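Please read the structure below before turning to the comments.
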Amino acid sequence: QVQLVESGGGLVQAGGSLRLACAASGRTFNSYCMGWFRQAPGKEREFVAAISWSGSTTYYADSVRGRFTISRDNAKNTEYLQMNSLKPEDTAVYYCAASKRCGILILAENYDYWGQGTQVTVSS
């Protein structure tokens with residue numbers, strides 16, 4: 001069992017930055033691939049970024065590539081999402097997720113555990 005707790009969300013102006021963190025419980029964090037998803041009001045949950053268990057491989061949605069950076073610190077059981085050059089369309093609830101099987105990490109159904117989400121609001 002893995003419990004995930006996100007933090008770092010908030011209100012920021014367009015062009016600003018935020019850093020989200022996802023703290024995981026348990027001693028097997030480094031065996032999970034990790035991801036970030038987001039869901040805006042009235043829209044489906046969408047993939048944002050993912051990272052392999054070692055941190056050597058990362059994946060990004062086209063909409064955030066070049067602006068967002070995913071990383072992890074296995075010693076701290078924590079995953080991060082650095083978000084720069086934020087746009088109003090980035091406004092959403094952001095969720096971290098953990099996948100034991102890894103596989104196709106852009107698909108939400110490949111994740112086993114989810115956090116409760118943190119709100120990110122970007123004003124224009």
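This chain uses plain numbering: 1 for the first residue, then up along the sequence. Note that the coordinates shown come from a computational prediction; the quantities given were computed from them, not determined experimentally.
I70 and L4 fall within the same hydrophobic cluster, defined by Ile, Leu, Val, Met, Phe, Trp and Tyr side-chain heavy atoms under 4.5 Å apart, directly or through other members.
Taking each heavy atom of T78 and A21 in turn, the nearest pair found is CG2-CB, 4.2 Å. Of all heavy-atom pairs between C33 and S52, the closest is SG-CA, 4.0 Å. Nearest heavy-atom pair across T91 and V122 is OG1-N, 2.9 Å. Shown here for Y60 and T69, the closest heavy-atom pair between the two residues is OH-CA, 3.3 Å. When all heavy atoms of N110 and S99 are compared, the closest pair comes out as O-OG, 2.7 Å. Looking at every heavy atom in both residues, D90 comes nearest to Y94 through O-OH, 2.6 Å.
At a threshold of 4.5 Å between non-hydrogen side-chain atoms, the residues T121 and V12 do not count as touching. Put simply, the side chain of V2 does not reach to within 4.5 Å of the side chain of F29, judged on heavy atoms. A 4.5 Å side-chain heavy-atom check between K100 and Y113 finds every atom pair outside the cut-off. Looking at K87 and R67, their side chains come closer than 4.5 Å, going by heavy atoms from C-beta outward. In this structure the side chain of W53 never reaches within 4.5 angstrom of the side chain of S31, judged on heavy atoms. Using a 4.5 Å heavy-atom cutoff, the side chains of E46 and Q39 are not in contact. Contact annotation: the side chain of L20 never approaches that of Y80 to less than 4.5 Å [non-hydrogen atoms, C-beta and beyond]. A heavy-atom distance below 4.5 Å is found between the side chains of L18 and V120.
Here side chain to side chain donor-acceptor pair (under 3.5 Å) pairs that include residues 5-21, with residues two or more places apart or in two chains, are E6-Q116, S17-N84.
Here Q1 contributes atom CD and T28 contributes atom OG1; the two are 10.0 Å apart, rounded to the nearest 0.5 Å. In this structure, the separation between CG on L81 and CE on M34 is 11.5 Å, given to the nearest 0.5 Å. Within the model, atoms SG of C102 and CD1 of I51 stand 11.0 Å from one another, a figure rounded to the nearest 0.5 Å.
Heavy atoms from other residues, nucleotides or ligands lying under 6.0 Å from CD of Q119 number more than 12.
Evaluation of the salt bridge (charged side-chain N to carboxylate O under 4.0 Å, His left out) rule for R72 yields no partner, not counting sequence neighbours. A search for salt bridge (charged side-chain N to carboxylate O under 4.0 Å, His left out) contacts involving R101 returns D112, not counting sequence neighbours. When the salt bridge (charged side-chain N to carboxylate O under 4.0 Å, His left out) test is applied to D73, no partner is found at least two apart in sequence or on another chain. Partners of E89 by salt bridge (charged side-chain N to carboxylate O under 4.0 Å, His left out), not counting sequence neighbours: none found.
L105 shares a hydrophobic cluster with F37, F47, Y59, V93, Y95, I104, I106, L107, Y111, W114; the chain of contacts runs through ILVMFWY side chains whose heavy atoms sit under 4.5 Å apart.
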